[in-house]
Trainee: 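Before I ask anything, here is the structure I am working with.
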Amino acid sequence: MSAEPPAAAEPPFEVRPSFVDEVLEVVDAIPAGHVLSYGDVAALLGSRAARAVGSVMRRYGHAHPWWRVVRSGGLPPTGHEARAKTHYEAEGTPLRALSRDPGYAVEYAKARWRP
DNA sequence: AAGTTGACGAAAT
DNA sequence: AATTTCGCCAACT
């Protein structure tokens with residue numbers, strides 16, 4: 001018998017109908033002076049897709065407080081280091097000087113938003 | 001339609 | 001410590 005066994009295994013997790021909307025909603029909820037990492041945003045959605053969060057932010061984040069989402073360790077978004085620093089100083093986000101890389105980073109342990 | 005890329009991240013090498 | 005590999009999901013080619 002030849003019938004092909006599709007063996008379609010269903011995902012053990014719920015399928016998110018709109019990952020994009022949920023990402024933007026979380027970002028919009030981060031209070032001024034605080035930050036979340038890309039991975040944290042994904043984790044709040046029950047996912048590990050930190051990269052997908054970055055992809056969403058690049059295309060749709062322009063109308064949202066994109067500077068409140070940082071990389072692991074508090075490094076600002078790639079390609080917008082200087083732009084983000086202006087926002088952090090205006091919001092009083094705790095920063096830390098670095099001797100390398102963009103020259104500064106957010107003090108993630110202090111600035112991290114805990115919902 | 002299938003593969004590649006990308007504001008990422010942690011673990012393995 | 002640096003580079004590579006894998007994971008996740010949307011957008012682009």
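In the text below, chain A, chain B and the rest are named by the order of the sequence lines, each starting its count at 1.
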Trainee: Compare side-chain N and O positions of S47(A) against OP1 and OP2 of dC9(C) and report whether any pair is under 4.0 Å apart.
Mentor: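 The answer is yes; a side-chain N or O of S47(A) sits under 4.0 Å from OP1 or OP2.
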Trainee: Would you call V69(A) and I30(A) a side-chain contact if the rule is heavy atoms closer than 4.5 Å?
Mentor: yes
Trainee: How many Å lie between OH on Y38(A) and P on dG9(B), as a whole number?
Mentor: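 Whole-Å distance recorded here is 8 Å.
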Trainee: If you find the nucleotide of DNA chain C closest to R59(A) and the one closest to R51(A), which residue's nucleotide is nearer the 5' end?
Mentor: R51(A)
Trainee: Is S55(A) close enough to dC8(B) that one of its side-chain N or O atoms is under 4.0 Å from OP1 or OP2 there?
Mentor: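 False: S55(A) side-chain N/O out of range (4.0 Å or more) of dC8(B) OP1/OP2.
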Trainee: So that I can tick it off, tell me whether E89(A) and K85(A) are bridged by a salt bridge, with the cut-off set at under 4.0 angstrom between side-chain N and carboxylate O.
Mentor: yes
Trainee: Tell me: CH2 of W66(A) to P of dA7(B), nearest whole Å?
Mentor: 14 Å
Trainee: Expressed as a whole number of angstroms, how long is the span from L36(A):CG to dA7(B):P?
Mentor: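 Those two atoms, CG and P, are 20 Å apart.
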Trainee: In whole Å, what separates the P atom of dA1(B) from that of dC8(C)?
Mentor: 24 Å
Trainee: Could you check how far CZ of R48(A) sits from P of dA11(B), rounded to whole Å?
Mentor: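 Nearest whole value for this atom pair: 9 Å.
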Trainee: The side chain of F19(A) is closest to which nucleotide in this list: dA7(B), dC8(B), dA10(C)?
Mentor: dA10(C)
Trainee: Rounded to the Å, how far apart are R71(A) CZ and dG9(B) P?
Mentor: 7 Å
Trainee: Ignoring backbone atoms, establish whether R58(A) has a side-chain N or O less than 4.0 Å from OP1 or OP2 of dA7(B).
Mentor: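 Answer is yes, contact under 4.0 Å.
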Trainee: Answer with yes or no whether the hydrophobic clustering places L44(A) together with V70(A); edges join I, L, V, M, F, W, Y residues whose side-chain heavy atoms lie under 4.5 Å apart.
Mentor: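 L44(A) and V70(A): one cluster.
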Trainee: In whole Å, what is the span from the CG atom of D101(A) to the C1' atom of dA7(B)?
Mentor: 15 Å
Trainee: What is the ring orientation for W67(A) with H87(A), classed by angle as parallel under 30°, tilted 30 to 60°, or perpendicular over 60°?
Mentor: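 The rings of W67(A) and H87(A) lie parallel, inter-plane angle below 30°.
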Trainee: Looking only at side-chain N and O atoms, does Y60(A) come under 4.0 Å of OP1 or OP2 in dA10(C)?
Mentor: no
Trainee: Figure out the CG/P separation between L45(A) and dA10(C), and round it to whole Å.
Mentor: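 Atom-to-atom, L45(A) to dA10(C), this comes out as 11 Å.
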Trainee: Assigning hydrophobic clusters by single linkage (Ile, Leu, Val, Met, Phe, Trp, Tyr; side-chain heavy-atom cutoff under 4.5 Å), is W113(A) placed with V41(A)?
Mentor: yes
Trainee: Taking the side chain of V56(A) as heavy atoms from C-beta outward, which of dC8(C), dA10(C), dA7(B) is closest to it?
Mentor: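 The answer is dA10(C), which lies nearest to the side chain.
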Trainee: If you compare every side-chain N and O of S72(A) against the phosphate oxygens of dA10(B) (OP1, OP2), does one of them come in below 4.0 Å?
Mentor: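 Yes, within the criterion.
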Trainee: I'd like the C1' distance from dA7(B) over to dA2(C), given in whole Å.
Mentor: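 Per the computed distance, 23 Å lies between those C1' atoms.
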Trainee: Is there a side-chain contact between R100(A) and the phosphate of dA2(C), meaning an N or O under 4.0 Å from OP1 or OP2?
Mentor: yes
